[in-house]
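Some notes on the structure that comes next.
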Amino acid sequence: MSWLGPIRTATGGLLRHKVQAVVIGMVLVVSTASATLAFALLAASNAPFARAFAAQRGADVTVTVNAARASSAELAATKTLGGVTAAAGPFGEATVQVQAGGQPFGQLVLAGRASPGGALDDLVLNAGHWPDGPGQVVLDASPGPGQGGQGVGLGQGGGAQLGSTLSVTGVPGAPALTVVGFANSITNTADGWVTPGEIARLRGPGTPPSAQMLYRFTSAGSYAQVRADVAAVTRALPPGAVAGAGSWLAAQDAETGNGAIMEPFVVAFALIGLVMAVLIVGNVVSGAVVAGYRRIGVLKSIGLTPAQVVVAYLSRVGGPALAGCLAGVVVGNLLAVSVLHQSSAAYGVGSQQVPWWASVAAPVGMLALTALAAFGSALRAGRLSAAEAIAAGRAPRAGRGYAAHRLANRLGLPRPIGLGLAAPFARPARTLVSLAAIAFGATAVIFAFGLHSSLSRAAASQTLSAAVPVQIQQFGPGAGPQQFPDGAQDAAVTAALRAQPGTRYDVAVYLDQVKLPGIAQGVNAQAFGGDASWIGYGVIAGHWYDAPGEVDVNTAFLTQSGLAVGDNATVMIGTHPVTVRIAGEVFHPSHQPTLFGSVQTLPGLATTANLQEYYVGLRPGTSVSAYIQAVNARLGSGSPWGATGPDGGQFYQIASALIGLLALMVAVAAGLGVLNTVLMTTRDRVHDLGIFKALGMRPGQMLTMVVCWIAGPAVIAAVIAAPAAVALNTATIGAMAGTAHTGIPASFTQVFPPSRLALLSLAALAIAAAGALLPAGWAARARPATALRAE
Amino acid sequence: MRQQSVPCVDGDVIRLDGVTKTYQAGPPALADVSMSVATGEVVAIMGPSGSGKSTLLNLIAGLDRPTAGTVTVAGRRLDALGESALARFRARHVGIIFQFFNLLDDLTVEDNVLLPAQLAGASRKQARARAGELLARMGIDQHKNAYPARLSGGERQRVAIARALVNSPELLLADEPTGALDTATGQEIGTLLRQLNEGGQTLVLVTHDPALAGRYAARTVRLVDGQLAGVGVGVPA
């Protein structure tokens, strides 16, 4: 017999067992797609900023110049300075105050560019289109702060959307800008972009024209080098021309933090998905070969050699596996579009793609795994004699499961349930693999819920959104020196808040830098002009300050100072030393050391210049949006102050969406694994099922029995998955906190009260039931005579 | 554990009217078969391989559905019942004995016999008492905790007969009950079946063995290529 014969023989078997072929194909689709996505996510989490910076030709430095003091020729000449490797601009720039829907929206730094592309700072348009006329603006979609400071993007309180109209205040004619798109600048060179001709219309009366120049330098790898590069440009321009500069390093610090935080849970899910894919593919493929043992025996009896048998069965699984892998790569790439869109937003980069090697490694890896799983079983079949192969292809080894059936009958359970619960013991290896697949799937689901809860608590704690739904911030120039609000304008805020019935708490927040021996950089000091215990900072250790002289600090403060909770510290406020006692460590993730205290404990901070914002707590039942509108109405459009909601914590929203998608994929893969197991068992026992039907087992009883085949392993899987998910959640949150250089309050990981954990553990049963129902239904509907005829 | 019998039309336990069964393309396995079996009768169905004997038995047992025609057993139109109702009907009114026993290898002898009673919802105590009674009657109660693999062919068929009788069905169907047994054992089983019939049990027997049919059946129905070829009267031994 030629080699083509065995392959044709295998194909004949394949066509007859379409269901098995489809299951193999589907498992490989899901597994390959999961692997492709897992690899893509791992790659996306690996230095996302650096790769995006290179891909988007990021600018090392963005220099803002006073265009009245430097001519176009002088600006052009800086492009050929020694050390400059690339330059772009000048782009007209305007800093504007905007309102949306009559509410303060923030300050935006807008640049005028004819197109998003360019030799430097290649912008990635994420939504909408580039401005092609007056009255249009594209906003920066980055989650972090823009060069202008306020970074409005998608996550800002009040959240602009495509089609939103922004009113520019303080400019003649109060021009309106319609949001026509969102784009990403890897180094956040502006908060938004308009057409070049629009810039002049957006400048306030008497405001000097400004422009931005973008540069790349030979050496810009450190803050010192960047400062030297900026100094070189400054020297090349007339005095006073350079008004400010932003560097890529600051953008990297802001965005890399988020990326590093994402990495632990992305890696966790990627590994769960990969391991499960390996398990399921191995189980499905080896099971498919074992299911064909009887046929192999028959083929050997008519003359197939052992080698031909091996080839025949590798072909049998190879066909659907290859189709599944190819389809899986396509599905994985399609899924990656949405997933990487979200991860790129979280990482603050323009776009991320599936690396070519992921689209190769995933299918090749899955095919190799398939071949390995099939080869072992096919080799064994090839070595068996015809009679042994036929015998091995029938019911499981005698003796297995007998004790389980006896026990099940003695327990007095309804018979179909007893029969179903005892059945897995007949095929212990297959049962173990199914149990593992369900355990992985359930772990992923429980972990996802826990992670979502933990991140929600972290988000609420970081944004203070739970206790501080309203913040009063400065959105416009004040009447005081350096455009700070004056005393009367500040007093108007307090009066407006006190007059508003929904106000429960309010406190003024002052911010300045202080010095602490042992910390080279400055320490941010937040001083509260009243009771701040209601704000709800997450306490990691110790307690919120409640006595004079006490302060709370963030983790960066303790790490960089070497101090601990309970220690005393002497801080320099200006030139005055102040001794404070560290009462507690609070959750405030930042590289910047920060301390929190009252204005009495931190004298000298409560100045008009330092007044940052007001925090407002509302009475229960008060509508936040109505309150904000009412306060803004009381303050009036002339006030520099405006009420707004807190930042929605875009990173956490994106992370939650990713978690949900990944958990769903893992759960689906687990369900497919269960489907395959139950299907194989149904096929193994089709004759027994016929006997049950002949003896009077009703379809409903048959369905119950088949579902119970997997119920026992599912319960055990649930018992395994629950503590595993709790441990995984704790470890992942800990790792995420570690990369964010912060401790976390214990409550962030205490998200599994017993009742909730018990309910979530039902995920294992849900996965098992979902996978078992289809083959159980087929078994229930099968004609008894047909089943009895099967061997 | 005798269950109330369903009154039959004209004393017939089984009535087939114009029954045809076709599997996909090709000639029908059964073509326009009409026959009846009276209460307490022993009828043997005979014919060469592929004549449709087992198909006929499957239709009578409700294990399969006719393509055309009606099948009435113990007063119920089986062709009009859903799968769930058919299963209930089988459990309570029909006992089936197969050529190759079809015992469940992972259940003990007693558990095999108990199974139809448990599926029909009988109480545990009643079912055990009935199973014990039947195993003793079959002479195999000493094997009640053994597994089928350890029994001889004759003993397995006795277990299968006990299982078929546990719900006291009106009708007993036997598909080649001695086909897998040696001659002596086959005769023992045949004698058992005759004793059951003498006790009033209606029995339909599929066999290719004329001696068996002649010895135990009051009437023989012959099938050839799916069609009735003739009815003969048997002389019980």
Side-chain angles (χ1 to χ4, degrees), chain A residues 394-427 684-705 777 779-791, chain B residues 21 23 29 54-55 57-59 61-65 82-108 110-124 127-128 145 147-150 160 163-164 166-167 169 173 175:
Chain A
R394 293 190 59 109
R397 216 175 293 165
R400 279 196 185 152
Y402 287 9
H405 277 287
R406 279 202 305 276
L407 178 64
N409 204 15
R410 301 297 172 267
L411 285 176
L413 295 167
R415 206 66 182 103
I417 293 177
L419 287 167
L421 291 176
F425 292 90
R427 285 237 188 242
D684 281 350
R685 304 198 63 186
V686 64
H687 189 73
D688 283 357
L689 297 181
I691 296 171
F692 286 128
K693 285 173 176 280
L695 298 179
M697 183 175 275
R698 300 188 291 278
Q701 291 175 317
M702 173 84 40
L703 194 129
T704 302
M705 180 181 73
R781 284 193 297 274
R783 289 277 165 82
T786 310
L788 283 168
R789 271 199 299 272
E791 296 184 51
Chain B
K21 177 65 182 179
Y23 296 104
S54 293
T55 302
L57 206 70
N58 286 341
L59 292 177
L63 295 174
D64 208 345
R65 292 182 183 277
E83 284 300 324
S84 201
L86 269 177
R88 272 201 184 86
F89 183 83
R90 265 198 305 281
R92 289 179 185 150
H93 300 288
V94 180
I96 308 174
I97 304 162
F98 298 93
Q99 178 180 2
F100 293 107
F101 328 122
N102 278 348
L103 298 178
L104 293 160
D105 293 331
D106 43 13
L107 300 183
T108 62
E110 185 185 30
D111 287 344
N112 264 283
V113 174
L114 280 172
L115 189 55
Q118 291 168 325
L119 292 174
S123 80
R124 207 170 154 71
R128 290 192 98 92
N145 291 322
Y147 287 92
R150 295 212 173 260
R163 183 181 66 183
V166 74
N167 286 336
L173 304 175
D175 189 354

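All heavy atoms count here, side chains included; hydrogens, waters and symmetry mates do not. Computed from a predicted model, the values in this text were never measured in an experiment. Lettering follows sequence order; numbering is per chain, from 1.
- Distance check, rounded to the nearest 0.5 Å: CG of B/Leu119 to CZ of A/Phe692 gives 8.0 Å.
- Minimum heavy-atom separation, A/Ala694 to B/Ile96: O-CD1, 3.9 Å.
- Closest approach of A/Pro699 to B/Ser84, counting heavy atoms only: CD-CA, 3.5 Å.
- Put simply, the side chain of A/Lys693 does not reach to within 4.5 Å of the side chain of B/Leu86, judged on heavy atoms.
- Checking A/Arg781, A/Arg698, A/Arg783 one by one against B/Glu83, the salt bridge (Lys or Arg N to Asp or Glu O under 4.0 Å) holds for a single residue, A/Arg783.
- Taken to the nearest 0.5 Å, the CG atom of B/Asp106 stands 5.0 Å off from the CZ atom of A/Arg685.
- With sequence neighbours excluded, the residues that form a side-chain contact (heavy atoms from CB on, under 4.5 Å) with B/Tyr147 are A/Tyr402, A/Arg406, B/Thr108.
- In this model, no donor atom of one side chain and acceptor atom of the other lie less than 3.5 Å apart for B/Glu110 and A/Asn409.
- Between the CG atom in B/Leu63 and the OG1 atom in A/Thr786 there is a gap of 10.0 Å [rounded to 0.5 Å].
- Taking CG of A/Leu788 as the reference point, atom CZ of B/Phe98 lies at 5.0 Å (rounded to 0.5 Å).
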Worksheet item: Which is it for A/Leu419 and B/Gln118 under the side chain to side chain contact (heavy atoms under 4.5 Å, CB included) test, yes or no, and what are the steps along the way?
Response: CA-CA 11 Å; A/Leu419 287 167; B/Gln118 291 168 325; over 6 Å; no

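- Listed by first and then second residue, the salt bridge (Lys or Arg N to Asp or Glu O under 4.0 Å) pairs involving residues 408-425 of chain A are A/Arg410-B/Asp111 (not counting sequence neighbours).
- For the pair A/Gly696 and B/Ala91, the tightest heavy-atom approach, listed with the atom from each and the gap, is CA-CB, 3.8 Å.
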